[in-house]
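As structure tokens, the structure follows; a few thoughts come after it.
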Amino acid sequence: MKDIERLTNGVRVAAVVCNQWGDSGKGKLVDWLASEWADVVVRGTGGGNAGHTIKVGDLVHIAHTVPCGILNPAVMNIIGNGVAFDPRGVCEELEELRAKGIKYSGNLLISHNAKLILPQHLVMDRIREAAASGGEKIGTTGRGIGPAYTDHYARVGLTVNDMQNKDVFARKLRRNLKDKLVLLEKFDRGVVEKVMQHPHLEGGMFFSREGIFDVDAIVERYMEYGRMLGGTITDTDKEVRDRIDNGENVLLEGAQGHMLSIDYGSYPYVTSSDCSIQGLAKGAGLEDIDVQLILGVVKAPYMTRVGEGPFPTEMGGEASAKWCSTHTRKEEEEDYPNALIDDSNEFVQGVAVRRAGGEYGATTGRPRRTGWLDLPLLRYAMRTNGSELALTKLQVFDDVPEVKICTSYVYQGPEYLCGGRTLHCGDILDTATPDIDVMKHCKPNYVTMPGWKGPTADIKDYRDLPENLQKYVHAIRSATNASIRVLSMGPERNQTIVV
Ligand code: IMO
Ligand code: MG
């Protein structure tokens, strides 16, 4: 039996979700499954904040909102109802695909019920972040995600469908802008105007000196988008169900990661959709019980976080967090040209891991904060996303003498009541709680294991992996009771081992 057949035996609906803070290699796994197994790929959450990198030979593509099955002409790609949909960003993505010679016509569908991102959402996102001080800053991607989902729950949102009905769109737009205008009046008009010149706001096209927003310009532009995308907009919830009934293989593509989930993550340092299997299934028009294989993606032996918020295993701790929020990749390359992963200074280790793993934001270019694999966090995510895992990027640590795994935390904060339990300084936690007032006081307990010799990227059989790498994988398995199904040993489709 082929590897992929062993993995997907008896599976009709599978999902790829991240069990960490995103950027774990979901794009590669989705593209691989699409090339070998899936007939349909559905995105259910997030929007242009995601950056999913796919590499097929010389072709490198970063998908943001378009599903990662798009490189496979036989696969139907669906943007589901739960997605925050920015038509400008999506049109830009489609243009990029066209320029690369990738044909998507006829294999992309967009939910009529996806949540529409409007110019005011980008403005609110950017202004809020610019005005935030100290711990108030989230470090968002500036793509309007939070304000768009907020409007959905505030019952003033618009949907993709509204781009096809001018009068309805204009009425809902005016209603939507009401409270934004009250708030924006309080901000410095110069700052608002500057934000509105951003290329993502079509270089000032929507700005009006009198009313901040030029309603007519927004209506006209969004009607144009409606016409451009018109043939792809449909009831995708029905489409997905019909395709399952027709015996097609459906793959759900998660975005972000469990610890960024609005419901499960390290709130408020999260995104504004539920990135767990539950949010993903719902946003794709299904339920989590419809999914027979959930691959929880786990980057190892290191993991990353972009933006603000606690990160117990961060290499270099607060110094790293600060550095990443204030420096560019170029500055880092100039300041640390020769950083080594086994440097005695943890901060430098973190820089070296970032360089070795290419850990710079696919959406924003920001340096990603780096830290060791955190099992308390993984145990927490597995409560929701289940026990089947795909480990990714292991080859980045080829030839590193030692690897560390965080197996538990020591709570080192003041007495604190959390979830019906009083925490005291010195308490051991095996499973993370996403409460940031706990997490920021958690110090990792590590076990150290010997590293392995590379190269491992092109090994095809688990039994051929270096013994120390097998021991490392086994250590994760036995410490979490996970079933490790897949190892991704590089960005290419064929650099994948089914365990
Ligand atoms: P993929 O799908 C990593 C982070 C941002 C910020 C927080 C809120 O590539 O794994 P938002 O713009 O969503 O309001 O920002 O969430 N974030 C991600 N971090 N990977 C992502 O997506 C992310 N999408 C959002 O950095 O901390
Ligand atoms: Mg990413």
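Because only heavy atoms are used, hydrogens play no part in the values below, and waters and symmetry mates are left out as well, while side chains stay in. Numbering of ligands and ligand atoms starts at 1, following listing order. Fair warning: this is a prediction, and the values are worked out from it, not measured in the lab.
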Have a look around the Mg ion (ligand 2) and list protein N/O/S atoms under 2.8 Å, or say none. D23 OD1, G51 O
For Y225, is the NZ or CZ atom of R221 found under 6.0 angstrom from the centre of its six-membered ring and inside 45 degrees of the ring axis? yes
Any idea which residues sit under 4.0 Å from ligand 1, heavy-atom distances? W21, G22, D23, K26, N49, A50, G51, H52, I138, G139, T140, T141, A255, Q256, L260, V270, T271, V306, G307, R366
Donor-acceptor pair, distance only, cut-off 3.5 Å: does the side chain of R143 make one with the backbone of T141? yes
Salt bridge (charged side-chain N to carboxylate O under 4.0 Å, His left out) partners of E359, counting only residues at least two apart: K299, R368, K393
What pairs with H200 under ring-ring contact (aromatic ring centres under 6.0 Å, His included), at least two apart in sequence or on another chain? H198
Once you round to the nearest 0.5 Å, how far does CG of L295 lie from CZ of R485? 7.5 Å
Using 0.5 Å steps for rounding, measure from the CG atom of D335 to the NZ atom of K330. 11.0 Å
Does OH belonging to Y267 count more than 12 external heavy atoms closer than 6.0 Å? no
Looking at K26 and D31, is any side-chain nitrogen of the basic one under 4.0 Å from a carboxylate oxygen of the acidic one? no
Tell me whether K137 is salt-bridged to E308, with the criterion being a basic N under 4.0 Å from an acidic carboxylate O. no
